[in-house]
J.: 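First, the structure itself, so that you have it in front of you.
Here is how names work: the chains are called A, B, and so on, in the same order as the sequence lines, proteins then strands, and each is numbered from 1. Note that this is a predicted model, so its numbers are computed, not measured. Heavy-atom basis, side chains included; hydrogens, waters and symmetry copies ignored.
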Amino acid sequence: MNNLKEGFRYGLISYGIILYLNLLGIPLNFGDIVLTIFSLLIGLLSFAFLRKRPNHLRKNLRNTLVQGLIIGLVSGLGLSIVTYIFASLQKDGINVAQVFAQVKPEHTGALTGLTKEEVLGDVSVLPGLLQLTLLFTFAGFIGSALTQLPVEKLRKQFDSKSGLKTISRALFVLPFFFYGLFMLLKVEGVQIAGTEENNLGMLFIFLFIGAALFALRAVEPGRQKSILVILLVVLMLLLPHFADLKQNAILGVVGIFIVMGIGLNIVVGYAGLLDLGYVAFFAVGAYAYALLSSPESYVVLNLPGFEGVNFWAGLPIAIIIGAFAGFLLGVPVLRMRGDYLAIVTLGFGEIARLLVLNLRDYTGGPGGVINIPAPILFGMDLGNPRDILYIAMAFGLIVTFFTVRLRDSRLGRAWIAMREDEDVAQAMGINLVAIKLLAFASGAAIAGMAGALYATRQVNIFPDNFALDVSINVLSLIIIGGIGSLEGVVLGAIVLIGLPEILRTVDEYRIVAFGALLVTMMIVRPEGILPSTRRKRTLHVHEDSESTSTK
Amino acid sequence: MSKRLIVLLATLFVASLLLAACGGGATEAVVEKPAETMDPEMVMPEEAMGDVVVIAPGDPVRIGVSVALTGPIPEFGLDIQQSYELAIVDLNAAGGVLGHDYELDIQDGACDGDAATIVANGFAADLTIVAVAGGTCTGETLGLKPILQEARIPFVSASATNPKITNADCDICNRVALSDKLQADVDADYIYNTLGLTQAAVMHDNSDYGLGLAELFESAFKALGGTVLGELNGIQVGDTDFRAALTLVGTDSPEFIFFGGYVTEGGLIAAQMKEVGMEDVVFFSDDGVYGQPFIDAAGAAAENAYASFVAGDEIAEVNAEFDAKYEAAYGTTPDAQGPFHAQAYDSVNMIAAAIASVAVEDADGNLVIDREALIKAIRTTSGLQGLTGVLTCNDIGDCGAGGIQIFQVQGGAFIQVSGFGLD
Amino acid sequence: MVVLSSQGVTKKFGGLVAVNNFDFELPQGMIVSIIGPNGAGKTTFFNCITGFYEIDEGIILFDGLLLNGKSPDKITRMGIARTYQNIRLFANMTVTENILVGAEPHLKSFWFEAIFQTRRVKLEELEAQQDAQRMLNFVGLKGIGDQLARNLPYGSQRRLEIARALASKPKLLLLDEPTSGMNPQESAELMRFIRNLRDELGITILLIEHDMRVVMAISENIYVMDFGTKIAEGTPNEIQRNPRVIEAYLGRGIATGLKTQTAKTKASNQ
Amino acid sequence: MIAPADSNNTLAIQLLGIMEPIPQNLRQSSAGKISSWIRKNFITSLGIFIVVLLIWRIVSVAQQDSYPIQYWAFQLINGLTLGGVYALIALGYTLVYGILFMINFAHGEVMMMGGFAGFFTLQLLTYLGWTNDTPFSSAISVVVMMLAGMTVSVLTGVILERIAYRPLRAAPRLVPLISAIGASFFLQYTALLMFGAIPHNYHKPSIFVGVWRIGETGIIISYTGAFIFVTSIIMMIGLYIIVQRTKLGRSMRAVAEDKQIATLMGIDVDKVIVFTFILGSALAGAGGVMLGLHNTVIRFNSGFIPGLKAFTAAVLGGIGNIPGAMVGSLLLGIMEALGPSALGLPTEYKDVIAFSILVLVLIFRPTGLLGEVLSNKKA
């Protein structure tokens, strides 16, 4: 009996997930293949649930198979009942979509194999639902049967030395493989499924960069590594030439976020100051350059004889003003700690945006600043996405250089000491005021730099571009990537900024997936995908030592 | 449940969502396309690279769409998108252009310059896009503008009304919507001369559209001799309690409130006015507020509120036909969804008419469209019959037909109270 | 010569007077202990010296200079270093890094020099690293410089904390219950080590200690605190015989119970 | 470059060289007492300077355009209502923070879910004709809506805790915060996909349609506004009693103090935490429904801005402190309502004012108005 109960519970959970996806409108957007997808999912769920049970239960074949059947049956019946209710309502002319926006007749049709007219007409949905239930039950059964495979044994075999060697070799080769795939798309006549070759190419680029980061980490320092680095750098430098406009545009945004991530990493990762208002400095940099350069800005219009600066003159000004803003905002928060610091910086971020929005006589208000000139170097207009990407890459390298040098200096040590224990750090003779302000100011200077680049890339900037979600994105990307780790910033930016751009056409699903990804990552790998080695140890020790006091 | 199990579930979940995100499965398998259906860009005649778009026989003519499916006014965006789709269905039913169908490449411009930049770069990179319909909002359209101009792709916006959109320097910028300047003038004139109100309070939603219109209205109303009390007072999109702001505005005892902004906030302001002692104050707003969603949002308080909107001179019949088709296809009336459907339908038709006028068939049976000729053809559109009236572009790309008319909510529906169509 | 002196130091927390009118003198090169029951205000007095708490009344002088109102980092720079009762290392930094942080007061390079790696920075870092190695050797932590501080065994963590304090080359070292949690053997070893510090480096040492064997064996002068006030002062012999001290420690108990009693209280926190 | 050997370094000098060398010649500052105080308490002086500026501004504005006293009273009432809404959400924030020391960033979304549940219940009840039938049935329908909203919010909150927070209980602060941010996005866009992007408009049950007019003063109180204010006060008191007086409240406080020891005392920590989430989410659900009734609109992002403001309010009052959340919320509401007219600014500045007040308060009291006064240096 216990057995059935357990299976029933798993079944309900599976049903919950299926129902959620159902209400999210997956049948509507997928059409007929939705049944295949759902069945696969049920199979996977059944497999996952049943594999996790203790060994003696898992080994019991009959028990396992029965549970698998129950899981499939419960979710199948559950979904059928709901679908039947929806179908009846729809037949009665009640628009279910007024409550659940995605539950339209087509949605019901996709689940039952009928057309919209048939659902609304007098064709019964019951045969379709029977088929659905049977399919799910079968899927649950197969999933449970799969648990009997000797997975552990296979894995053990793979984990042996030769397996590891294969992996590290694969890591070495992977970036080149993806680069190859990307280039293959450029070859005349070659097409890879679907109409979105552009997005597929983009995906290969991201895979290339990601794989390159992993490969670099896996390879021991030495001649091998130097060769790898040189090869990868050359490929990276060539990349913008092969990519098309949209790909370069997306990479450009990713680049700008990488620069910002490196800056915020100083504040949050090294100095341990939780800053939720980082966008303020980004906005300051962007507006500083925009107001000084756009022929339609308040400054240029009201200063007689002033025609606006070019990008290379505006950039240092933006950086300095950004740093100054960081210094200024740093002063009042010197005494605050933890969550109070977080909310005050968040407040500053909002204040910055709202001031830009409301001081419309000077900033252009909601109308923004338009016609911001492109960077010009030796008479060349560098405003196109490819050149912007090159500039972003250059900026990334420069700030990485600066950050690494700072991190390894006594200032970096002082930051990390402060993050570890503020009081003791001060008792060691560290001037907390100075290093906190330095952290804020250097982070802000980098954001200012990114802001100027963003402004010139966008041509027009608006206050809405500097909302809270920018801060949240940057914070999330350094945490997903691995806080305190510079490769992590790159990877985080690709995962959180780049990938969603590919999926932009499919609107809101990407943000739901983004939210789910953040939660999942925090549970699975709180230290990030590519953690800095030191940080990784912190988080795991915290994790396994629940016995230490939680102060 | 163990932690790892949760983890696994969560992973599955993400995976399935991502799968969902991939839509129809753009990345299902790697296959090599047969040579005869090669990508159009590959068969482009070498001597004409960049200047013309060559479309192989059987391939569609592709029009990019930037539309606000997310952001502050997704319901308007959806309305516009559905109208674009209807226009394409009608055009293809009428035979397309020289045997080629039209096809839309719909992207979410999110009512935001940021998203539009990426969308526009995508269009610029895709050499098969001949023209763009959109964007929905002013900021979005300004984001499209520099990139499309560089790429020589003309656009026609259905709903971006800010005066900044079109100017003499931009030959690819066109719109069917009427400029806010015109709207502000008509509104001010109607209020001052027809309603006889002179004491105004002006509010806005601090968006480029709402604030821009509020400022234009303020100057137009003052020019007529009216008084604008106090400063322009702004509200924030996303807030829902505007009583404090309205109380402040109410201290000056205005005869009416002019609100520049969108429908949700407009509806809430109209409703909350009654709760702060402004029962007798007239609510007057703009084309961002016109439509059924306003009446839903304001409820009973919507009665007697005014909104201005575009109305053409000979629209009734064609519009009824369009409304019927729309309802059949999407299950709601266009007016319940948003206001700009007629403009959206017209803008695609305008693009199609221009394409039809410049497209030629070459010796190999390919369709050839010259980009510069298309830009010129759109700009010189003249006398095109549309849902909104007769479309004729002026030299800076304002092509809107009809005129701004005033509507009032009477008995739970917007009733036209000025201009053509009234006898 | 007196290194550290206080006159009338008073520190209040709300209604509670943690340190009350405390007068204190610490001659150069001596090892002096402060003892007292839990909550007597010993650690609070440490915190007053190191600038952690701002004192409400009185003055503290170090080398003839006023410490009142100075921030902890400045006081450390003047030559006072300390350790903590419950070890407070930078747990996620390596052993060497911990010591380098301790050496902060002697590093003079600026952050922008670090960016361009000027010769001065390189030299300074090299020296600091070598100093740190020497320091590790001195405290017997040779060869584990690259380990994370949190992974060290307890005794080594204590040593590391002292090493970190020593890295600032202090004139005065404040040790807050250095032997707590140690067995007698380790304690004895630490005592020798502390005496060496004084003898070889000439560092004046102020101890808070619960273990009476340690206190009596090592101290040259002892201050006894209870309820924030000084109740006795003198050499170990004098203190052992002072009836007020015995009463403060044991209530109305007897002197022979002293050792067992302290053994019980030693691990508990203040 | 060596900073001058002077103890009176300004911030700027400190910035140039992080650490000054050990002073050779330390001497007492010769400057006057005030200037030395300012130097030591630089931040506080900055705060005082800003406050003086503010007062000056308020006085000069008041002389210029003087509003009648009724106006201020009216705005005060508007502010109290607004604050009441913030309070319902802020109480949940502060409760969870008080027990778990984590910012439940998704709390606003929990409220939004309740608002949707309330909306659909209202639709159903309107269809059944309850809402406008008799005052009694109308009142019942409000109660049913509230219950529906609370149920859905509680479900959301509990699932959230189970999936997104429980596995992270021992992790460092940033980790649950990011998880909560993820959950916030997830819930928001789930609502967007499930219920559509289009705003849903509440139609008030008849019992709530109407306003009180106070004499000839022109002051108007809407029924819903009064309802919100009174409910939030009652809920605050109820919550306070639960936490301070009941056995469960004692367990909650024990868990807040030390989870390990609470376990040793025989307290089921998981249960207590789940209960905390139930309480907080129920409040949020009630808040969501009331917000919907008051402002008549709910949509997928309805939770975000109120959530942010409520969070601000909770911090303003001292996060973790129940009366503090109430005080902070009301203060924030009042500042938003009164601020623009008091400072002579257009209404779009209300959020600037709100966030500036937050910063200002935290400058003087780094742990909020009623937050426990941790000596900012713990030994």
J.: Against chain A, label D:S184 side chain, backbone, both or neither, depending on which of its atoms sit under 4.5 Å from a heavy atom there.
T.: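 When you check distances to chain A, no heavy atom of D:S184 falls under 4.5 Å.
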J.: At a 4.5 Å cut-off on heavy atoms, which part of D:I103 comes close to chain A: side chain, backbone, both, or neither?
T.: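 For D:I103, the side chain is the part near chain A, not the backbone.
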J.: What closest approach, in Å, do A:A101 and D:G196 show between heavy atoms, and which atom pair accounts for it?
T.: CB-N, 3.4 Å
J.: When heavy-atom pairs shorter than 4.5 Å are enumerated against chain A, which of D:F185, D:Y165, D:F311, D:F116 gives the highest number?
T.: D:F185
J.: Pick from A:N358, A:I479, A:L468: which one has the most heavy-atom pairs with chain D under 4.5 Å?
T.: A:N358
J.: Can you say whether A:F100 sits under 4.5 Å from chain D via the side chain, the backbone, both, or neither, judging by heavy atoms?
T.: both
J.: Which atoms of A:L23 are under 4.5 Å from chain D, going by heavy atoms: the side chain, the backbone, both sets, or neither?
T.: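 For A:L23, backbone and side chain are both near chain D.
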J.: Does some side-chain heavy atom of A:L518 sit less than 4.5 Å from a side-chain heavy atom of D:F186?
T.: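 Answer no - side chains too far apart.
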J.: Against chain D, work out which of A:V333, A:I472, A:L475 has the most heavy-atom pairs shorter than 4.5 Å and name it.
T.: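 It is A:I472.
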J.: Taking only residues two or more places apart in sequence or in another chain, which ones pass ring pair (Phe, Tyr, Trp, His ring centres under 6.0 Å) with D:Y86?
T.: none
J.: Taking the side chain as everything from C-beta on, heavy atoms only, tell me whether A:L359 gets closer than 4.5 Å to D:Y349.
T.: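 A:L359 vs D:Y349: side chains touch.
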J.: Checking D:Y97 against chain A: side chain, backbone, both or neither under 4.5 Å from a heavy atom?
T.: side chain
J.: For A:Y340 and D:L362, which heavy atoms make the closest approach, and how far apart are they?
T.: CD2-CD2, 3.9 Å
J.: Quick one: which of D:P176, D:S356, D:G182, D:A354 has the most heavy-atom pairs under 4.5 Å with chain A, could you say?
T.: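 Counting heavy-atom pairs under 4.5 Å, the top option is D:G182.
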J.: For D:D270, check salt bridge (Lys or Arg N to Asp or Glu O under 4.0 Å) against everything at least two apart and list the hits.
T.: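 By the salt bridge (Lys or Arg N to Asp or Glu O under 4.0 Å) rule, D:D270 matches D:R166, D:R169.
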J.: List the atom of A:V99, the atom of D:F195, and the distance in Å for their closest heavy-atom pair.
T.: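 Heavy-atom minimum between the residues: O-CD2, 3.2 Å.
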J.: If I take atom CD from residue A:E350 and atom CD1 from residue D:I305, how far apart are they, to the nearest 0.5 angstrom?
T.: 8.0 Å
J.: Side chain, backbone, both or neither: which part of D:F304 has an atom under 4.5 Å from a heavy atom of chain A?
T.: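 Side chain only.
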J.: How far does CG of A:L276 sit from CD1 of D:I181, to the nearest 0.5 angstrom?
T.: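 The CD1 atom of D:I181 is 6.0 Å from CG of A:L276, to the nearest 0.5 Å.
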J.: Which atom pair, heavy atoms only, marks the closest approach of D:Y189 to A:V512?
T.: CB-CG2, 3.5 Å
J.: What are the two closest heavy atoms between A:I523 and D:L168, and how far apart are they?
T.: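 What the structure gives for the nearest pair is CA-CD2, 3.9 Å.
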J.: Does a sphere of radius 6.0 Å around CZ in D:F364 hold more than 12 heavy atoms from other residues, nucleotides or ligands, not counting ones at 6.0 Å or beyond?
T.: yes
J.: Measure A:L496 against the heavy atoms of chain D and call it side chain, backbone, both or neither at under 4.5 Å.
T.: neither
J.: Please state whether the side chain, the backbone, both or neither of A:L346 comes within less than 4.5 Å of a heavy atom of chain D.
T.: side chain
J.: What part of D:L177 lies closer than 4.5 angstrom to a heavy atom of chain A: side chain, backbone, both or neither?
T.: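 It is the side chain, since no backbone atom gets that close.
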